[in-house]
*Asks:* 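First, the structure itself, so that you have it in front of you.
In what follows, chains carry the letters A, B, and so on, assigned in the order in which the sequence lines appear, proteins first and then strands, with residues in each chain numbered from 1.
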Number of protein chains: 2
Amino acid sequence: MDDAEIQLRQSAPARLADVARVAGVSVATVSRALSRPAVVSPDTRDAVARAVRATGYRMNVAARNLRQGRTGAVVALVPNLGNPFFAKILAGMGAALNAAGYDLLVGDTMEPGEPGGRHRALRRFLDPSRADGIILLDGQVTADDLAVMPGAPPLVMACEWIDGADIPRVVLDNAAGTELAARHLWSLGHRRIGWIGGPESNVLHRARADGLRRVLTDPPGYPGDFSLQSGAEAALRWLSQPPETRPTAIVGFSDEAAAGFMGEVQRHGLSVPGDVSVIGFDAIDWVAHLPVPLTTIRQPKRDLGRLAATTLLELIGGHRPADRILTPELICRQSTAAPV
Amino acid sequence: MDDAEIQLRQSAPARLADVARVAGVSVATVSRALSRPAVVSPDTRDAVARAVRATGYRMNVAARNLRQGRTGAVVALVPNLGNPFFAKILAGMGAALNAAGYDLLVGDTMEPGEPGGRHRALRRFLDPSRADGIILLDGQVTADDLAVMPGAPPLVMACEWIDGADIPRVVLDNAAGTELAARHLWSLGHRRIGWIGGPESNVLHRARADGLRRVLTDPPGYPGDFSLQSGAEAALRWLSQPPETRPTAIVGFSDEAAAGFMGEVQRHGLSVPGDVSVIGFDAIDWVAHLPVPLTTIRQPKRDLGRLAATTLLELIGGHRPADRILTPELICRQSTAAPV
DNA sequence: ACGGCGCTTGCAAACGATTACATCTCGGGC
DNA sequence: GCCCGAGATGTAATCGTTTGCAAGCGCCGT
């Protein structure tokens with residue numbers, strides 16, 4: 001009888017019922033032995049443990065999720081997964097989430113190519129049955145986008161944020177970052193300090209511009225989009241200005257823009273920091289190894305990811321967490337010096 | 001009666017049963033209307049569609065997964081999530097998987113810090129109830145590591161691979177890549193061509209070294225680990241050699257190593273490609289914007305990710321897919337030239 | 001000796017979808 | 001007029017786990 005049944009299921013994965021049969025207890029007991037060992041007797045606990053080994057049992061995640069009304073996953077929604085900037089942040093998140101028993105799901109808010117894709121991509125994940133929580137890293141999403149789903153899972157913003165929306169944030173104090181940069185350049189003796197911006201509508205751009213204005217009055221800026229390319233274009237603009245009036249120092253609102261600027265200037269035969277000081281933002285790895293290592297403002301990306309994860313877990317746990325504002329740090333390398 | 005029930009559930013998310021009640025049909029019909037519209041009558045289809053809108057119904061993923069014995073997710077296991085190299089690959093995977101209705105789960109094979117973590121981290125995902133398939137990007141995993149789970153889900157290797165293991169692969173023809181690099185340098189007139197390697201045990205390192213040896217006899221190499229740092233160290237070694245005997249051209253087995261080499265050489269006042277030609281591998285974005293743009297071998301990362309995903313989906317679908325070998329491409333920029 | 005309390009354990013009802021099978025209806029061929 | 005099959009829908013079992021409730025058991029205090 002029993003043999004026949006065992007026979008039948010021999011190839012199928014073991015279920016709780018199989019473990020229960022082998023251990024000589026009920027399924028409820030096995031379940032408890034596994035999820036709350038304290039409530040079963042030591043003898044039973046051992047018997048179950050042996051049976052689990054014997055059967056090679058592994059819990060069926062879908063069944064547990066269904067019963068508990070959770071998914072065991074958290075989704076990180078990034079504006080562009082292909083952007084290497086997010087790698088370290090995701091790594092921090094993944095570590096913290098896995099440690100807490102959650103899986104990390106990633107999603108792109110931008111469907112490849114499609115401009116209206118943001119909304120579509122969002123719908124996929126704003127679904128309480130797909131993830132227990134969302135970490136949103138895209139500040140371009142609007143509050144309206146988020147309103148489409150009534151029962152949407154808990155949400156925290158990381159890195160970027162949405163002005164006016166009442167959503168917990170884990171972000172760098174971006175204004176303090178550029179302020180730090182400006183003060184550094186000022187103290188070196190620079191008086192004409194320019195900047196290379198990001199997209200006008202981007203919250204990071206706005207915060208970083210505000211930081212500069214705390215220290216400088218009406219600093220001249222070059223438009224940009226955080227990319228290497230836009231940094232190089234800013235350099236061409238800068239090169240075309242008369243040396244007596246153009247900025248002697250540049251604050252890039254991203255390391256890429258700063259590096260792009262620096263590279264283009266160097267290709268034109270000028271020197272950094274001899275002819276112009278350059279400072280970046282974010283402290284991504286590779287800019288430390290440029291021919292002229294880039295001075296920059298550090299954003300603790302791994303910590304930010306980790307913190308975003310723990311903040312979301314708090315929120316899932318029912319607390320309303322406070323915003324977390326991380327402090328930027330000046331990393332002084334070779335691309336900044338006193339003006340000649 | 002009904003009102004009372006509706007009242008009770010008004011805050012809870014709508015289930016299939018709610019839609020059925022509103023539409024005036026059975027749950028089975030609703031289920032069919034949603035998953036296989038062709039089999040229900042047009043009238044019913046419309047009624048169900050209306051009821052879905054009215055109730056705000058969204059399918060419970062866990063319930064479907066449990067019933068169907070699938071998870072709807074695919075996990076990508078990378079050796080180090082924090083390494084930006086994987087960003088574009090993951091983006092390609094995500095796009096292909098989402099389009100096919102799967103979620104992309106990411107995992108780190110390396111638990112932060114822990115050396116024995118590889119095995120532990122693997123166990124979490126080698127679980128048929130957590131993911132329907134696995135894309136493994138870590139060649140350091142051994143066949144033994146994978147053997148721990150009998151019922152493990154379908155697996156494909158991407159980027160890296162495990163020698164001797166019979167697992168479908170989606171990889172670049174790495175040897176062809178370095179061969180391309182060597183031929184390029186040779187045709188420029190270089191005769192002493194050296195290289196900066198990766199970790200000895202790494203399959204990519206071995207394949208890339210093999211590619212060089214197809215064209216060169218016993219080329220001199222500097223040890224490395226693909227990092228910027230190791231490239232800079234190789235440069236110091238190179239600088240200490242007598243100019244008459246040291247290589248006139250260097251093939252970095254990664255763009256980082258090549259860029260690190262180039263930067264250090266430049267900081268010592270020598271010029272690239274004047275004093276030494278340098279070529280990288282992978283074509284990561286930023287090396288195109290260095291003061292001297294880096295010549296490199298392109299690895300189509302996004303395509304590789306996409307292909308890995310579709311290959312895995314085939315495997316999940318029951319076919320045994322053939323290995324996919326992608327072709328590298330030389331991207332000629334400013335860091336290579338004829339020797340003086 | 002007895003009532004009651006606490007510790008273990010089992011029974012069975014959920015969780016919300018899919019799907020094999022049964023049922024019903026309608027229309028056409030003979 | 002009758003039968004058969006195709007098409008549409010309903011009924012109910014099922015996926016594997018968790019968990020509220022109740023029951024069994026032994027021990028202690030009085």
Side-chain angles (χ1 to χ4, degrees), chain A residues 5 8-9 11-49 51-52 55-73 101 127-130 132 151, chain B residues 5 8-9 11-49 51-52 55-73 101 127-130 132 151:
Chain A
E5 197 181 338
L8 269 175
R9 295 194 55 88
S11 58
R15 301 161 307 163
L16 265 191
D18 300 317
V19 179
R21 187 156 21 75
V22 172
V25 296
S26 75
V27 287
T29 302
V30 177
S31 173
R32 283 188 284 252
L34 295 176
S35 51
R36 277 175 337 202
V39 306
V40 305
S41 78
D43 290 355
T44 320
R45 204 153 50 214
D46 290 356
V48 168
V52 164
T55 54
Y57 171 78
R58 301 226 58 193
M59 194 192 52
N60 181 312
V61 181
R64 167 196 277 238
N65 289 346
L66 173 57
R67 176 60 226 241
Q68 296 194 326
R70 41 163 275 167
T71 73
D127 175 347
S129 85
R130 190 180 301 274
D132 296 331
Chain B
E5 196 179 337
L8 268 173
R9 294 193 57 87
S11 59
R15 301 161 307 163
L16 220 40
D18 300 317
V19 180
R21 186 157 19 78
V22 172
V25 297
S26 76
V27 287
T29 302
V30 178
S31 173
R32 281 188 286 252
L34 295 176
S35 50
R36 278 176 336 205
V39 306
V40 306
S41 77
D43 290 356
T44 320
R45 203 154 50 215
D46 291 354
V48 168
V52 164
T55 55
Y57 171 77
R58 301 227 58 193
M59 195 193 50
N60 181 312
V61 181
R64 167 194 277 236
N65 289 346
L66 172 59
R67 177 59 225 243
Q68 296 195 327
R70 43 163 275 170
T71 72
D127 176 347
S129 84
R130 189 179 301 272
D132 296 331

*Asks:* Respond yes when some side-chain nitrogen or oxygen of S41(A) is under 4.0 Å from OP1 or OP2 of dT9(C), and no when none is.
*Replies:* yes

*Asks:* Once rounded to the nearest 0.5 Å, what's the spacing between atom CG of N65(B) and atom CZ of R130(A)?
*Replies:* 9.0 Å

*Asks:* If you check the N60(A) side chain, which of dT9(D), dT17(D), dA17(C) turns out closest?
*Replies:* dT17(D)

*Asks:* Please state how far atom CZ in R45(A) lies from atom P in dC7(C), giving the value in whole angstrom units.
*Replies:* 14 Å

*Asks:* Which heavy atom of D18(B) sits nearest to which heavy atom of P13(B), and what is that distance?
*Replies:* OD2-O, 4.1 Å

*Asks:* Just how far, in rounded Å, is P of dG20(D) from CD of Q68(A)?
*Replies:* 11 Å

*Asks:* If you look at every heavy atom in P37(B) and R45(B), which pair is closest and at what distance?
*Replies:* O-NH1, 2.8 Å

*Asks:* State which of dA17(C), dA12(C), dG16(D) makes the closest approach to the side chain of A28(A).
*Replies:* dA12(C)

*Asks:* Could you work out which one of dC11(C), dG16(D), dT14(D) sits closest to the side chain of A63(A)?
*Replies:* dG16(D)

*Asks:* Counting side-chain heavy atoms from C-beta on, which of dA17(C), dT19(D), dG16(D) comes nearest to R15(B)?
*Replies:* dA17(C)

*Asks:* What integer distance in Å separates L34(B):CG from dT19(C):C1'?
*Replies:* 15 Å

*Asks:* Take V40(A) and S31(B), find for each the nucleotide of DNA chain C with the closest heavy atom, and name the residue whose nucleotide sits nearer the 5' end.
*Replies:* V40(A)

*Asks:* Out of curiosity, T55(B) OG1 to R15(B) CZ, how far, rounded to the nearest 0.5 Å?
*Replies:* 11.0 Å

*Asks:* Calculate the interatomic distance between L16(B) atom CG and dC15(D) atom P; express it in whole Å.
*Replies:* 19 Å

*Asks:* Can you check whether T29(B) has a side-chain N or O nearer than 4.0 Å to OP1 or OP2 of dG10(D)?
*Replies:* yes

*Asks:* Take the protein atom CG of D43(A) and the nucleotide atom P of dC25(D), then report the distance between them rounded to whole Å.
*Replies:* 17 Å

*Asks:* Under a plain distance cut-off of 3.5 Å, with no hydrogens placed, do T71(A) and D132(A) share a side-chain donor-acceptor pair?
*Replies:* yes

*Asks:* Would you mind reading off the distance between R67(B) atom CZ and dT17(D) atom C1', rounded to a whole angstrom?
*Replies:* 16 Å

*Asks:* Counting heavy atoms from C-beta on, name the nucleotide in dA13(C), dG10(D), dA12(C) closest to the side chain of S26(B).
*Replies:* dG10(D)

*Asks:* Do the side chain of R32(A) and the base of dG10(C) come within less than 3.5 angstrom through a donor-acceptor pair of N or O atoms?
*Replies:* yes

*Asks:* Counting N and O atoms only, with roles assigned by atom type, does the side chain of T29(A) sit under 3.5 Å from a partner on the main chain of A20(A), one being a donor and the other an acceptor?
*Replies:* no

*Asks:* Under 4.0 angstrom, heavy atoms only, what part of the nucleic acid is T44(A) near: base, sugar-phosphate, or nothing?
*Replies:* sugar-phosphate

*Asks:* So if I take every side-chain heavy atom of R64(B) and compare against dA17(C), dC15(C), dC21(D), which nucleotide ends up nearest?
*Replies:* dA17(C)

*Asks:* Scan V25(B) against the nucleic acid and name what it touches under 4.0 Å (heavy atoms): base, sugar-phosphate only, or nothing.
*Replies:* sugar-phosphate

*Asks:* L66(B) side chain: which of dT17(D), dG16(C), dA17(C) is closest?
*Replies:* dG16(C)

*Asks:* Nearest-Å distance, CZ (R70(A)) to C1' (dG16(C))?
*Replies:* 17 Å

*Asks:* Provide, to the nearest angstrom, the distance between the CG atom belonging to N65(A) and the P atom belonging to dA17(C).
*Replies:* 15 Å

